[in-house]
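Quick note: residue numbers are just sequence positions, from 1. What you see is a predicted model; the values in this text were computed from it and never measured.
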Amino acid sequence: MQSWPGPAIPKLPGRGLPLRLYDTATAQVRPTAPGDTARMYVCGITPYDATHLGHAATYLAFDLVNRVWRDGGHDVHFVENITDIDDPLLERAARDHEDWMVLGMRETALFREDMTALRIVPPQDYIGAVESIDEAAALIVALVDAGVAYRLEDGTGDVYYDVSRSQRFGYESRLDSEAMLGFFAERGGDPDRAGKRNRLDPHLWRGPRPGEPFWESAVGPGRPGWHIECTAIALNRLGMSFDVQGGGSDLLFPHHEMSAAHGESVTGQWPFARHYVHAGMIALDGAKMSKSRGNLVFVSRLRGEKVDPMAIRAALLAGHYREDRPWTASLLDEARARLARWREAVALDAGPDAGLLLDAVRRQLADDLDTVNALSSVDRWATEALSRRGRDPGAPQLVRDTVDALLGIALSR
Ligand code: 5CA
Ligand code: ZN
């Protein structure tokens, strides 16, 4: 799939610090330790509705990972998927009497525009589920051959993964079986399907059904399951043990557990990813913002109302990425006021030493993306600059570059 145009990233003096991130699998903030090229996979949208602020917050968090690694001297190989075939997409298309493929393409195009406006560094590989069906099918054949996947004997052609054959099942989410079952049933699983070996076994392949799209493949006709899609797309581009597997905390189980288990079973290697990183959920009116619930604020809607995308960015970065947090109108007002102050300060012809600010922001972001304190550091610099403390003529430009490169906020308009 076509990705989107990347923002220019100013080069900062010196070098950023090694990034430490909270890893769900070990419940610790641990250093990431990428090689020359850092490898990151982030779970993309299911394009049946427009990008809302919850999606935006999650992609912003991983955009900071990307920016901090780059500032630390790494190249970044960033891969993202689009779940452009799945039940929710088909259900929405049926509800609206629309072609599922047209719906998916339209929402994907809108997503690209939103990501561009928010200045999110694009993935090198932006890959759709449909275009990678053969990749998923090849992994499924390998899993069946290895005896860790099985076809149901009910004539549907459906293939399941046997979780009891996974060596370390549960290491990623660290949930007990009751909690796993709850999330599994809630998030697309079918614990009560007859003929499965274990209630938690997720489907890898869905045989053809009347009225549903299907593709011919090495597994037979049908379409791939959701988890194996991400396994295939990640594995074939990043290999095993890539640095970060990312997404919102609603993907912690079953999605990331299953994707990892599939990858580990098919390769015999461990782990699938070295860090499993989860962004908190953005809520509106007391509940998680979600397409299925419909309590949404769309990025495109705000853009249509001429809200500055940089204010959206600043508003979402004003909370820590791991915290579940509400979206409120006052968050946007505060972000606007903050940006106005920053813009006024960087328009001055001198200011206090910006090297100290750069050091502080680098230190704060390297510490599990502490944007809350990083934004406060910029606030302090701006307050001092506006009260005419500091005479460094190079400071305003360095602050612009720092805020742009590390926080992705462009202050020029
Ligand atoms: N296509 C799958 C991932 S492979 C999917 O979950 N799509 S999604 O459109 O439902 O979500 C896209 C991304 O946004 C996921 O990483 C998801 O965890 C995240 N997300 C969804 N809702 C919220 C929310 N309210 N707050 C923060 N992140 C969210
Ligand atoms: Zn995914």
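For the pair Gly351 and Ala385, the tightest heavy-atom approach, listed with the atom from each and the gap, is CA-CB, 4.4 Å. Scanning both residues, Leu411 and Leu339, for their nearest heavy atoms gives CD2-CD2, 4.0 Å. Residues Arg67 and Asp404 approach most closely at NH1-O, 2.9 Å, considering heavy atoms. Of all heavy-atom pairs between Asp250 and Arg187, the closest is O-NH1, 3.1 Å. When all heavy atoms of Ala136 and Pro224 are compared, the pair lying nearest together is CB-CB, 3.9 Å. Nearest heavy atoms, Met180 versus Phe253: O-CE2, 3.3 Å.
Checking side-chain atoms of Arg293 against main-chain N and O of Lys288 turns up a donor-acceptor pair under 3.5 Å. At least one donor-acceptor pair closer than 3.5 Å links the side chain of Arg325 to the backbone N or O of Glu323. Without hydrogens or angle criteria, Arg313 side chain to Arg119 main chain gives a donor-acceptor distance under 3.5 Å. Between the side chain of Asp176 and the backbone N or O of Glu178 there is at least one donor-acceptor pair closer than 3.5 Å. Without hydrogens or angle criteria, Asp308 side chain to Met310 main chain gives a donor-acceptor distance under 3.5 Å. Side-chain N or O atoms of Thr371 include none that pairs as donor or acceptor with a backbone N or O of Ala374 at under 3.5 Å. With hydrogens and angles ignored, the 3.5 Å screen pairs no side-chain donor or acceptor of Glu334 with any backbone N or O of Ala329. Between the side chain of Asp162 and the backbone N or O of Ser164, at least one donor-acceptor pair lies under 3.5 Å. Using a distance-only test at 3.5 Å, with no hydrogens or angles considered, a donor-acceptor pair links the side chain of Asp370 to the main chain of Asn373. In this structure a side-chain-to-backbone donor-acceptor pair under 3.5 Å is missing from Thr37 to Val76.
Residue Leu375 holds its CG atom at 6.0 Å from CG of Leu407, rounded to the nearest 0.5 Å. Atoms CG and CH2, from Asp114 and Trp4 in turn, are 10.0 Å apart once rounded to the nearest 0.5 Å. With rounding to the nearest 0.5 Å, the separation of CZ in Arg193 from CG in Asp154 is 5.0 Å. Residue Trp381 holds its CH2 atom at 11.0 Å from CH2 of Trp342, rounded to the nearest 0.5 Å. Between atom OG of residue Ser173 and atom NE2 of residue His255 there is a gap of 13.5 Å, rounded to the nearest 0.5 Å. Here Phe78 contributes atom CZ and Met40 contributes atom CE; the two are 5.0 Å apart, rounded to the nearest 0.5 Å.
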Step by step, work out the side chain to side chain donor-acceptor pair (under 3.5 Å) result for Thr83 and Asn81. CA-CA 6 Å; Thr83 309; Asn81 70 309; 3.3 Å; yes
From CA spacing to verdict: side chain to side chain donor-acceptor pair (under 3.5 Å), Asp125, His77: CA-CA 8 Å; Asp125 297 303; His77 188 173; 2.6 Å; yes
If you apply the rule side chain to side chain donor-acceptor pair (under 3.5 Å), what do you find for Glu229 with Ser132, and how did you get there? CA-CA 8 Å; Glu229 160 199 340; Ser132 52; over 6 Å; no
Quick one, Glu113 with Ser300, criterion side chain to side chain contact (heavy atoms under 4.5 Å, CB included). Give me CA distance, side-chain angles, the key distance, then yes/no. CA-CA 8 Å; Glu113 275 183 27; Ser300 44; over 6 Å; no
Quick one, Tyr321 with Leu21, criterion side chain to side chain contact (heavy atoms under 4.5 Å, CB included). Give me CA distance, side-chain angles, the key distance, then yes/no. CA-CA 11 Å; Tyr321 81 97; Leu21 283 176; 3.9 Å; yes
Might you work through the side chain to side chain contact (heavy atoms under 4.5 Å, CB included) test for Ile85 and Leu90, ending with a clear yes or no? CA-CA 7 Å; Ile85 179 69; Leu90 297 177; 3.9 Å; yes
Asp190/Arg199 under salt bridge (Lys or Arg N to Asp or Glu O under 4.0 Å): CA gap, chis, key distance, verdict: CA-CA 8 Å; Asp190 50 1; Arg199 297 188 75 202; over 6 Å; no
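One finds a salt bridge joining Asp23 and Arg30 here, because a Lys/Arg side-chain nitrogen approaches an Asp/Glu carboxylate oxygen to under 4.0 Å. Comment: Asp99 does not engage Arg106 in a salt bridge, judged by the lack of any side-chain N to carboxylate O separation of less than 4.0 angstrom. Salt bridge status for Glu91 with Arg95: absent, with no side-chain N to carboxylate O gap under 4.0 Å. Here Asp158 does not pair with Arg151 in a salt bridge; the nearest charged N to carboxylate O distance is not below 4.0 Å. Between Glu98 and Arg92 there is no salt bridge, since no side-chain nitrogen of the basic residue lies less than 4.0 Å from a carboxylate oxygen of the acidic one. Between Arg20 and Asp368, no side-chain nitrogen of the basic residue sits less than 4.0 Å from a carboxylate oxygen of the acidic one, so the salt-bridge criterion is not met. Classification of Arg237 and Glu80 as a salt-bridged pair fails, no side-chain N sitting under 4.0 Å from a carboxylate O. Between Arg362 and Asp71 a salt bridge is recorded (basic side-chain N to carboxylate O distance below 4.0 Å).
If you check the side chains of Trp69 and Thr32, you find a donor sitting under 3.5 Å from an acceptor. Between the side chains of Glu264 and Tyr171, at least one donor N or O sits under 3.5 Å from an acceptor N or O. No side-chain donor from either of Ser3 and Gln124 sits under 3.5 Å from a side-chain acceptor of the other. Looking at Asn66 and Asp63, their side chains never bring a donor and an acceptor atom within 3.5 Å of each other.
With a 6.0 Å radius and a threshold of 12 heavy atoms from other residues, nucleotides or ligands, Arg174 has its CZ atom above the threshold. Applying the 6.0 Å contact sphere to CD of Gln167 captures no more than 12 heavy atoms from other residues, nucleotides or ligands. The environment of CD in Glu153 is sparse: at most 12 heavy-atom neighbours from other residues, nucleotides or ligands sit within 6.0 Å. Annotation for Met105: atom CE does not count as buried by contact number, only 12 or fewer foreign heavy atoms lying within 6.0 Å.
For Arg223 and Trp215, the positive end is not near the middle of the six-membered ring at less than 6.0 Å and at most 45° from its axis. A cation-pi contact links Arg322 to Tyr22, judged by a cut-off of 6.0 Å to the six-membered ring centre and 45° from its axis. Cation-pi geometry between Arg209 and Phe214 is not met at under 6.0 angstrom from the ring centre and within 45 degrees of the axis.
Taking the six-membered ring for Trp and the full ring otherwise, His227 and His203 have centroids separated by 6.0 Å or more. Ring centers of Tyr161 and Tyr150: at least 6.0 Å apart, outside the cut-off.
The aromatic rings of His52 and His55 sit parallel to each other, their planes meeting at less than 30°, with 60° as the upper class boundary. Aromatic ring orientation, Phe111 versus Tyr126: parallel (interplanar angle below 30°, classes split at 30° and 60°).
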